[in-house]
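What follows is a single structure, written as structure tokens, with notes after it.
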Amino acid sequence: RISYLQDEENGRIYFGGLNGVTSFQPRDFYEGDDEKEANLVIMNLQVYKQKEDSIFNYSGRVRRGETLDILPGDFITELSISLLSYEQQEKVLYAYRLNDLDKDWTYQASGVIQLGKLPFGDFTLALKGQEASGHWSSKQLSINISVIKPFYLRDWFIASCGLFAMLALV
């Protein structure tokens, strides 16, 4: 039979056993936990490539900080992120924003983000997570995305067409 006692005054717990008494202070196990912050990580990033009619995984590239180059017709089908907090996962909240495109953050309970097709240009996708305690991760993740213009919208093509039209008129 196990005997135990919790001191009502200071919360210390005592367990009696065959070799004597063992005691501990429960708050010692939690002391400093507020300083530990859950990491936000990229789990998966998939891009649909129209040319190949296939989905490719670019998780490794973005984890290394490489810019994600997207061609015309390609789009991000799924970006999975996870806040490595194991307490009350149902209360974890995620937020993302495309800098230079979105003014406000988009908040959601799911760590799966589907961006779809993006306009042409260079963007930074900022990501953050909130623990169940309400504490936002201080270290945000960012993914640099470059959506390349199709050739017919590039300056050199437009200038060439204008030059060709002028030559045709002369």
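Position 1 is the first residue of the sequence, and the numbers go up from there. Fair warning: this is a prediction, and the values are worked out from it, not measured in the lab.
The minimum heavy-atom distance linking G73 with Q50 is given by the pair CA-OE1, 3.1 Å. In this structure, S82 and Y94 approach most closely via the heavy-atom pair CA-OH, 3.6 Å. Scanning all heavy atoms of the two residues, the minimum distance from R97 to N99 falls at NE-OD1, 3.2 Å. Of all heavy-atom pairs between S59 and L45, the closest is OG-N, 2.9 Å. For the residue pair L93 and A109, the shortest heavy atom distance occurs at CD1-N, 4.0 Å. Between V92 and A132, the closest heavy-atom pair is CG2-N, 4.5 Å.
Separating the CD atom in Q114 from the CG atom in L79 is a distance of 10.0 Å, to the nearest 0.5 Å. Expressed to the nearest 0.5 Å, how far OH of Y14 lies from CG of L5 amounts to 7.5 Å. I13 CD1 to T22 OG1: the interatomic distance, rounded to the nearest 0.5 Å, is 12.0 Å. D122 contributes atom CG, which lies 4.0 Å from atom OG of S146 (distance to the nearest 0.5 angstrom). Atoms CG and CZ, on L68 and F123 in that order, are 12.0 Å from each other to the nearest 0.5 Å. With values rounded to the nearest 0.5 angstrom, L127 atom CG is found 10.0 Å from Y96 atom OH.
Under a hydrophobic-cluster definition in which Ile, Leu, Val, Met, Phe, Trp and Tyr are linked whenever side-chain heavy atoms come within less than 4.5 Å, directly or via other members, V147 and I143 are assigned to the same cluster. Both I145 and F56 belong to a common hydrophobic cluster when Ile, Leu, Val, Met, Phe, Trp and Tyr are linked at side-chain heavy-atom distances under 4.5 angstrom. Hydrophobic clustering places Y4 together with F24 (ILVMFWY residues linked when any side-chain heavy atoms are closer than 4.5 Å, directly or through intermediates). Tracing side-chain contacts under 4.5 Å through hydrophobic residues (I, L, V, M, F, W, Y), one never reaches V47 starting from L71; they form parts of separate clusters. In the hydrophobic clustering of ILVMFWY residues, with side-chain heavy atoms under 4.5 Å counting as a link, L98 and I113 come out together.
With hydrogens and angles ignored, the 3.5 Å screen pairs a side-chain donor or acceptor of Q6 with a backbone N or O of G11. Although no hydrogens or angles enter the test, the distance criterion places no donor-acceptor pair under 3.5 Å between the side chain of T67 and the main chain of N144. When atom types are taken as modelled, the side chain of R63 and the backbone of M43 share a donor-acceptor pair closer than 3.5 angstrom. Using modelled atom types, no side-chain atom of E131 and backbone atom of S133 make a donor-acceptor pair closer than 3.5 Å.
Annotation: side chain of L118 is not in contact with side chain of F75 (no heavy-atom distance under 4.5 Å). Counting heavy atoms from C-beta on, the side chains of K128 and W105 come closer than 4.5 Å.
Within a 6.0 Å radius of CD in E90, more than 12 heavy atoms belonging to other residues, nucleotides or ligands are found. Remark: R12 CZ is packed, more than 12 non-hydrogen atoms of other residues, nucleotides or ligands lying under 6.0 Å away. More than 12 heavy atoms of other residues, nucleotides or ligands shown are found within 6.0 angstrom of NZ on K49. Heavy-atom neighbours of E52 CD from other residues, nucleotides or ligands within 6.0 Å: above the threshold of 12.
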For a side-chain hydrogen bond (donor to acceptor under 3.5 Å, both in side chains) check, start with the C-alpha distance between S80 and E78, then their side-chain angles and the critical distance, and finish with the verdict.
CA-CA 6 Å; S80 299; E78 181 179 303; 3.1 Å; yes

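Side-chain contact, N57 with N44: a donor N or O sits under 3.5 Å from an acceptor N or O. Between Q140 and S142, the side chains place no donor N or O within less than 3.5 Å of an acceptor N or O (distance only, hydrogens not considered).
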